[in-house]
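One structure is given here, and the rest of the page talks about it.
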Amino acid sequence: MGTLTAQERLAFQDSVRRLLADRSAEADVRRTMETPSGYAAELWAALADIGAVGLIVDPEHGGAGAGPLELEAVMEEVGATLLCSPLLSSGVLAAGLLQTLGDAEANARLLPRIADGSLIATAALTGPKGGWRPKDVAVRASADGAAWRLDGEASFVTHGQIAGLLLVVAEGPDGIGVFEVDPASAGVSITPLPTFDHTLRLARIEFQGAAGRRIGAPGWAPVEAALDLARVALAGEQAGGARRVLEFTVGYAKTRIQFGRAIGSYQAIKHMAADLLLESESATSAARHAAVQLAAGAPDAKAAIELAAFACADAFVKVCADAIQMHGGIAFTWNHPAHLYLRRARADAQLFGAPDFHRERFVAELEAAHG
Amino acid sequence: MGTLTAQERLAFQDSVRRLLADRSAEADVRRTMETPSGYAAELWAALADIGAVGLIVDPEHGGAGAGPLELEAVMEEVGATLLCSPLLSSGVLAAGLLQTLGDAEANARLLPRIADGSLIATAALTGPKGGWRPKDVAVRASADGAAWRLDGEASFVTHGQIAGLLLVVAEGPDGIGVFEVDPASAGVSITPLPTFDHTLRLARIEFQGAAGRRIGAPGWAPVEAALDLARVALAGEQAGGARRVLEFTVGYAKTRIQFGRAIGSYQAIKHMAADLLLESESATSAARHAAVQLAAGAPDAKAAIELAAFACADAFVKVCADAIQMHGGIAFTWNHPAHLYLRRARADAQLFGAPDFHRERFVAELEAAHG
Amino acid sequence: MADDAALPVTDESLRQEVRAWLAANWPGELHSEADRQGWMAKVVEARWAVPRWPTEWLGRDLSDAQGRIVEREFAAVGAPGTGQDRTNLWANTLLARGTHALKEKLIAPLLRGEVGMCLLYSEPGAGSDLAGIRTRADRKGDHFVVNGQKVWTSYAASADYGMLIARTDWDVPKHRGISFFFLPMKQPGVEVRPLRQITGESQFNEVFITDAICPAENLLGELGEGWGVLQTALAYERSVMGEGARGPRSGVPEGEGEPLVALAREAGVLSDPLIRQEIAKVVGLKRLNALNTARAKADLKQGTSSALMSLGKLAMSRILHEEARVRTLILGAGSLLEGPDFPRAEDANFLTLNAYFTSIGGGTDQIQRNIIGERVLGLPKEPEVDRDIPFREVRTS
Amino acid sequence: MADDAALPVTDESLRQEVRAWLAANWPGELHSEADRQGWMAKVVEARWAVPRWPTEWLGRDLSDAQGRIVEREFAAVGAPGTGQDRTNLWANTLLARGTHALKEKLIAPLLRGEVGMCLLYSEPGAGSDLAGIRTRADRKGDHFVVNGQKVWTSYAASADYGMLIARTDWDVPKHRGISFFFLPMKQPGVEVRPLRQITGESQFNEVFITDAICPAENLLGELGEGWGVLQTALAYERSVMGEGARGPRSGVPEGEGEPLVALAREAGVLSDPLIRQEIAKVVGLKRLNALNTARAKADLKQGTSSALMSLGKLAMSRILHEEARVRTLILGAGSLLEGPDFPRAEDANFLTLNAYFTSIGGGTDQIQRNIIGERVLGLPKEPEVDRDIPFREVRTS
């Protein structure tokens, strides 16, 4: 993947920020999150127009040809505004998986439509238990002449109910492979799952002899690579969300008066805010560092990603959770945005692995790094 | 074990409190903890005189015939004053082990001298790794005609260097057994271990064909029973210590002025104190409840002891650790007593099992309680 | 007990009297709301509703211990209605501080449970700082005209009266210009709007009060002494209400024994050492709180004062947040879901949000720590910048 | 850069000059204290010690960037002595605020490292509240008479001068009655007693000052303006000192790679899932802090202001306490011991205690959170009860 200059990146991030400030304001989020599709088609088109949807797609396939650095930067804005969209599913996970698999025919056919937003794709990765290791895959692929048949169940499929293309990870006779499936085809049954985070869409998908088309060569490595890209993106979202929540919480603490003083003048609130600043800044550092290392193909990129995955997840949840407490009663109402962020933070903390999973793998990286 | 009336118990606790206030003041503790023996013989004799040393020993063997309730109450005073003595080793662990083993001959010979303080006994329970399960025993017993020979190593033996009698837990041909060993006999080599908690004495003991005398019947159960009694005692010590530390810390916060106000008027300090009060009171509740359940032989006594073991250990450490922070610079000096309590708290948190060990066993009890 | 000896009834004669009355009157169960109303009227009439109260107000002037005897007999047959001298917040507050006219009018209906009540205390601008309320009550002849906004009011829609604090004097310090009323709720000037909570539920309401009328006889205590009346009412509330904290909401049972153990077993992670440690921590905190509560009660019986009571709410707040965290840990990705088809996720997520009901509602954890630090540990208060100045000059949000 | 163009030396000519001088003078290494002294004298004389300083005071008036060029050349050959215009706290403070007489007397010796110095700031009664000092300096003719007690003073026993804050006016608010001195330490009125720390070490001293004499020319800044001078000195100190936090003390290496991983491997518990989680948390915190620091430095280079710098001390405090906790967890009963035969226990226990050096020393964590909340996040200050009243009337312990 290519990388923009620092200046281009800032300009691009700025254009995304302005678009989202304008069209992913709290009222927009509340409206969109209650729709069945969970995204606003016009905003999605606008995001595609400025290049955010095809951000990491190669220019030859109609994308911006950017990399983890740009992706992380954009996702900070996404997290800050709680954007409701299939960007992570289609623009990151599916696009990342296709590019890593490097199947020229499939890429030429699929990536341009993903990049321009006309095709929403997603990846079906895990089974009913929800885990992101090879052993958690619960779909089996069997050869049917030159074609493939898929059986089993994928769950927690992000935006599965609105996808026009499924990239299904399945256990085949030659190991883990990725299969292109038309969600409208026979033997595919999609059930939307009700989510605690209303800005997210998840689905359970059952396959009963569904037709699949093999993409690229078998192996878990491309799946892991796509997941790692998605984790960096998610880390950016978490860092951006945490910063925004802290920002409006500190703002409230400056203006809310109790006992004749702004509540932010009390140490109880002030010290929580100071601790949250450390959380939020650390999350930002972790997300950006992971992006830098992944972009550079650094040997410790994996450790940096695992660190960002648990640090940003924990930070976003903690900032949101404490922010509600710091607001007091007002944030106990549905109309206050704090709980929307907490719901998103809790979702983000589970997607593609919970913090304890990433901590375990971080230590494995530490072990591997030095005999 | 018998039990005093509530009134007798309070009177007894009061006499211990007065004795320790008088003779285990901070200056006494500092003096005694730097002596090789680590205890003050006169105070030890006085404790024996009022019945604290033989507290749990049957009246027929010269003791007070009290039980876990009285023991827990006395240990609260011990913890509050950081008493330097082999009370836990001799009066609790060794006396408890002998009484549980119920070897009439041994008891008649040993308990009266333990109860009157003239014989300091201890139990050698664990090997070099320090753990309090059967598999952690690292001494082997082999039959030598009617006698027994012991080989191996016991470590973390409390007051092993000053004991006149060793009760050695060893793995024999018929399982775990307890063996009486004269520390002065051939094949016994005792090395004092330097302890972070200067009020404690620990030793490593090597056995090379040392002569042992079997006490009671083989089995781990009596050892576990003695350990549980010691854990209840330790929980009392921890609760009493935590309360005392909180007390003097709150006192300091009321009188130390910075920026023209008592530091205890600041929420940072006030809120720490409130949280520590919860810790300290919970520790007291846990320790006393464990004593009540053990005294009653209740079916959930084990769960109550495990709970007290981890809750009191964590509470004592936390109260001491936060107390230093709350004091600021003054408690960073050797001359301030706070660190003496922290050292003791850290020792108490390891003896007879660390908190995570007890948490694991607590859950096992929860599982066992309901299918 | 010594003071019982002076009373005209002995414990035993009382016990016999209650038993005989119950034997003669208690139908064994109540099948309808009409049954319930009839029964309550009978209990009140027979002076069993508030046996510790003075005879002037439907009581029997019994000692507290004798009141317990009555309660035990009612409980033994499962009959409701007695013990309201301990538990009926509204009637107790009215008895203690109401005008004779208002007592005549409302005490019996309150004891019969015929009057719906709600609390009009908190305001959007006065949460932790309740004495900072800005709802006003201005005297006009024989009534007050009330204007303002209240929030966090349960049962407001069905209430006949609200216990209201409002400001009647703006030129004295904040605590001294407040008065306490029974505000009639069923009037045009009182508008109730449900308030949707963070959990999606609407247990509470906002109440908008515009030129509402409150008769002068509905004033409790003297004008400007409402803060003191409020303390009386809050003390009744605290003595009656238990923890009030809600756990999981799905209602789908988790199997035998300790719920978290059952949940982990069901989720197939009970053997995970990390999960086990976390379960131990939460179950430990719960048991410690129960032990503290038991010890506090025992201390109270012995007449020694207890620091433990005030710690319960703070402890419960921590327990609820921690339990939510551990449930989430156990469920993993399963916690992403919600709704009736996913009761475990529903429970974890509801608890995550509803824990704030305890850590914010009824005084935030931060306020609780102030109270514990100051009232229990005796630490000095912070400087209070708005305590002694006229309320008009107090800074507000 | 634009402003460099106006300077008489170009970067390249400067680089050549330093190189040539070093080539001619640097012996390659210094074998003795005498060597070191000789070398330092030579560096000062050649005006390389403080190249950014004015020529009047042994400098060359170079820009900051050019100063870095000099430093890089010295560093390239391993020669010490330059860059003191950044790093020499004492000389910088003196240059900024000292009298001409004191500069004449001490600047060159300070740059040559011939003068031992210490800090006389904190007092037993003035820790967090440094402006609450009660050490007094009373003017008597051409000198001041100093009385009081200072604490937490490193190197006091060998110091020739102490940078002292003392109160010279008791009738003005606390910050305005303080003056700043270079107090001669080698005099009968100054008694230094080692202060034994919680760890058993004695790095610090108490200094008892009884009728000690301080010449008036040793006053820095104006009388009563010592608080401002102190801020200057503290800013130098902060800009120079790194974390200053000490980790394990035994010095016994723990094997390859991440120390906590090596420790757990040695202890045979690296496969324990619980231990692994805890290791990840601590190593994670360390790496996050390093990343924050790197980002702060990058931000500074770009000229954008950074909130991150102020977070470092708070983060380090947490890291040290957490690392101590995890080391203890790994060692289990092994942590009961201490001393050279048990280096792992020694490390865990030392760290447990010495972590307070960071969480208390140089401003407690609580004070740090105030600073972050107020200066970085812009939250309002607490009411300060003693700010505007004469110091005589300020309440003290």
Side-chain angles (χ1 to χ4, degrees), chain B residues 6 246-247 249-251 253-255 257 260-267 269-290 292 300 303-304 306-312 314-315 355-371, chain C residues 255-262 264-265 270-296 298 302 306-315 317-318 365-383:
Chain B
L246 179 59
E247 199 175 286
T249 303
V250 167
K254 287 178 186 173
T255 53
I257 310 286
R261 290 163 52 185
I263 60 169
S265 71
Y266 293 97
Q267 288 185 329
I269 299 297
K270 187 179 288 174
H271 290 191
M272 285 173 92
D275 287 337
L276 295 190
L277 180 64
L278 180 55
E279 293 290 333
S280 154
E281 290 295 331
S282 298
T284 302
S285 295
R288 293 182 185 172
H289 178 68
V292 168
D300 75 338
E306 299 294 350
L307 173 60
F310 72 76
C312 297
D314 286 342
D356 54 333
F357 170 72
H358 292 296
R359 270 191 289 270
E360 170 57 40
R361 301 220 304 189
F362 178 61
V363 175
E365 289 296 319
L366 295 179
E367 285 184 273
H370 301 271
Chain C
E256 288 291 298
E258 183 59 47
L260 284 176
V261 171
R265 187 182 285 125
L270 184 53
S271 63
D272 181 330
L274 184 64
I275 301 268
R276 293 172 72 83
Q277 288 287 314
E278 297 298 326
I279 290 174
K281 286 178 195 168
V282 174
V283 178
L285 288 176
K286 285 181 166 188
R287 297 210 170 172
L288 292 173
N289 193 38
L291 293 174
N292 284 345
T293 304
R295 193 152 69 86
Q302 287 174 29
S306 170
L308 292 168
M309 279 298 191
S310 53
L311 291 169
K313 182 165 181 293
L314 191 60
S317 167
R318 182 176 168 197
D365 284 358
Q366 286 66 40
I367 295 285
Q368 291 303 317
R369 290 190 183 97
N370 276 356
I371 292 172
I372 294 165
E374 291 163 15
R375 298 196 200 154
V376 183
L377 295 173
L379 291 167
K381 292 191 151 207
E382 287 196 270

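Lettering of chains follows the sequences in order, A, B, ..., and the numbering in each one begins at 1.
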Item checked: Heavy-atom pair count under 4.5 Å with chain B, highest-scoring of C:Gly378, C:Ala262, C:Pro273 ->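 Between C:Gly378, C:Ala262, C:Pro273, the count favours C:Gly378.
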Check: Who among C:Ile372, C:Leu291, C:Leu314, C:Leu285 has the most heavy-atom pairs with chain B under 4.5 Å?
Finding: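 The answer is C:Leu291.
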Next item on the list: Give, as side chain, backbone, both or neither, the part of C:Leu270 having an atom under 4.5 angstrom from any heavy atom of chain B.
Entry: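 The answer is the side chain of C:Leu270.
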Item checked: Side chain, backbone, both or neither of C:Gln366 within contact of chain B (heavy atoms, under 4.5 Å) ->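 Backbone plus side chain of C:Gln366, per the 4.5 Å heavy-atom cut-off to chain B.
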Would you check if the side chain of [X] reaches a backbone N or O of [Y] as a donor-acceptor pair within less than 3.5 Å?
| X | Y | result |
| --- | --- | --- |
| C:Lys281 | B:Arg359 | no |
| C:Ser317 | C:Lys313 | no |
| C:Gln277 | B:Asp356 | yes |

With a 4.5 angstrom heavy-atom cut-off, could you sort out which part of [X] is near chain C: side chain, backbone, both or neither?
| X | answer |
| --- | --- |
| B:His289 | side chain |
| B:Leu278 | both |
| B:Ala364 | both |

Interatomic spacing from [atom1] in [X] to [atom2] in [Y] - rounded to 0.5 Å:
| X | Y | atom1 | atom2 | value |
| --- | --- | --- | --- | --- |
| C:Arg265 | C:Ser271 | CZ | OG | 11.5 Å |
| C:Asn370 | C:Leu379 | CG | CG | 10.0 Å |
| C:Arg295 | C:Leu288 | CZ | CG | 10.5 Å |

Check: Of the listed residues (B:Gly251, B:Pro355, B:Ser265, B:Ala262), which shares the most heavy-atom pairs with chain C below a 4.5 Å separation?
Finding: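 Most pairs with chain C among the choices: B:Ser265.
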Check: Can you tell which of B:His358, B:Arg288, B:Glu306, B:Glu360 has the highest number of heavy-atom pairs within less than 4.5 Å of chain C?
Finding: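 When all of B:His358, B:Arg288, B:Glu306, B:Glu360 are compared, B:Glu360 has the most.
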Check: Between B:Lys270 and C:Glu382, is there a salt bridge with N-O shorter than 4.0 Å?
Finding: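 Here C:Glu382 does not pair with B:Lys270 in a salt bridge, since their nearest N and O are not under 4.0 Å apart.
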